[in-house]
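Report on one structure; see the data block that follows.
Computed over heavy atoms, backbone and side chain alike; hydrogens, waters and symmetry mates excluded. Lettering of chains follows the sequences in order, A, B, ..., and the numbering in each one begins at 1.
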Number of protein chains: 2
Amino acid sequence: MIRPAIVLVRPQLGMNIGMAARAMWNFELDDMRLVAPRDGWPNPDAGPAAAGADRLLSEVRVHADIASALADCTLTFATTVRPRHMDKPVITPREAARRVHEAAAKGQKSAILFGPERSGLSADDLAAIQTIVTCPVNPDFGSLNLAQAVLLIAHEWYQSEARGAVADVAWTPDLEMASHAEVTGFLQQLIADLEAVGYFNVPSRTPATKRMLAQMLTRPEFTSDEVRSWRGIIRALTSRRRP
Amino acid sequence: MIRPAIVLVRPQLGMNIGMAARAMWNFELDDMRLVAPRDGWPNPDAGPAAAGADRLLSEVRVHADIASALADCTLTFATTVRPRHMDKPVITPREAARRVHEAAAKGQKSAILFGPERSGLSADDLAAIQTIVTCPVNPDFGSLNLAQAVLLIAHEWYQSEARGAVADVAWTPDLEMASHAEVTGFLQQLIADLEAVGYFNVPSRTPATKRMLAQMLTRPEFTSDEVRSWRGIIRALTSRRRP
């Protein structure tokens, strides 16, 4: 069974990493990835808090950035407390669990991102992710901590009717969807080519423009073939300019 | 709205009582009852752990035994980790949430019992309760702590379809999807630009390649903005070649 990766982005406290591991293993999730943990890795505070889920910690993969953490993943979800206004769908943990299982049944790996304890994920983090997951909570008292958020997501994954069930849709095209690494590679090529032609001519707006490009490439859910074709097209269009 | 009572039976640590209160209020449950708390009540460790859900603690009702705690309740549920053999139905938190809402719609109050941290509810405790609630967890690693068990039950109550309030897809971006004319216009520009750089260099395969391009532009359901951005990008990449 393909299980989703739980990706903790810039986590601060080792204790929270351990408690998140324990929450994952309560529901048989075992693929934890860390992006730039504040205090490095391994962290001596993680083991005691994992309380028996130590195997997950020993198998943790540490990544320098989100792109490398998600390289092999096709579906990407980001958890946020309050959805900011952006062009991403916002779904519940229950619906996310359903989609994760549906993707797994087609051989696709999903990743679910969790932000740092204080600040959550940044707008730049979110730009590269397909779908926002927000747990409905008391609007006057909404603070779930990191391990609790992981617990609810893992519980929904474990409890989902979609786990081991047959989908309602009889047939969908058997498309090989692009992995995050394929989309990221395309994005980097595109940015480099656009830099070469002076596309980013207003420095103050460059970060927003690059975010728009990331958004534009992640939103439509390209197939692997489409990404390859796009790269070929960009290459063909730019090749004449180079000696 | 009639909300279920959360009944902690012989709880040991004030901190756990506080964390359970916080988990309840995360999902708008506010009726906490204690049966024979080990260290009496109030407990100075509870407030700090409640982290803002202090109102629940100030309104807690303390009872000497389970019978008096449940006096006004019609449906009674008891949470256990491993169901022991007894003549009680065993259901999931999700099903329990459904029944609690159904009962509330008929004006009936429910109670959900949680046992002491170490031992859980005794056989005598369970004898007086109608229905057992067990959360499906990893059979090799099933330990949820008290506050986590309360969190899952409260989350299921809040998220239940029977409550009627929560949509699985909370928000989808109000995207203006591209019209067929916009996509076709983009396709024609792209084909013209690719012809100019000799992309269609094998005449016999040109029809198939153009069909692939049409497929590639229609399959992912672009927005109008995305089509405009793509056209701008193609223009930027090709403009240098033209005098």
Specify the closest pair of heavy atoms between A:Trp230 and B:Met216, including all atoms of both residues, with the distance to one decimal. CE2-CE, 3.3 Å

Whatever's closer than 4.5 Å to a heavy atom in chain A on B:Tyr199 counts as side chain

For A:Thr131, is it the side chain, the backbone, both, or neither that has a heavy atom closer than 4.5 Å to a heavy atom of chain B? neither

Compare every heavy atom of A:Arg22 with every heavy atom of B:Asn145, then report the nearest pair and how far apart it is. N-NH2, 4.1 Å

Test side chain to side chain contact (heavy atoms under 4.5 Å, CB included) applied to B:Asn138 and A:Phe27, step by step: CA-CA 5 Å; B:Asn138 185 343; A:Phe27 298 102; over 6 Å; no

Atom group of A:Ile233 that falls short of 4.5 Å from chain B, counting heavy atoms: both

With a 4.5 angstrom heavy-atom cut-off, which part of A:Glu226 approaches chain B: side chain, backbone, both or neither? both

Is chain B contacted by the side chain of A:Met24, its backbone, both, or neither, given a heavy-atom distance below 4.5 Å? neither

Tell me whether the count of non-hydrogen atoms from other residues, nucleotides or ligands lying under 6.0 Å of CZ in B:Arg205 goes above 12. no

So which part of A:Phe222 gets closer than 4.5 Å to some heavy atom of chain B, the side chain, the backbone, both or neither? both

Given a strict heavy-atom distance threshold of 4.5 Å, which part of A:Ala53 is in contact with chain B: side chain, backbone, both, or neither? both

Output the option from B:Glu28, B:Arg94, B:Met212 having the highest count of non-hydrogen pairs under 4.5 Å with chain A. B:Arg94

Residue A:Leu29 versus chain B: region with a heavy atom under 4.5 Å: neither

In short, B:Ile234 meets A:Ile234 closest at the heavy-atom pair CD1-CD1, 4.4 Å

Determine the minimum heavy-atom distance between B:Ala236 and A:Leu194, stating which atoms define it. CB-CD2, 4.3 Å

dist B:Leu152:CG -> A:His155:NE2 (nearest 0.5 Å) comes out at 5.0 Å

Heavy atoms only: give me the nearest A:Pro139-B:Tyr158 pair and the separation to one decimal. CD-OH, 3.7 Å

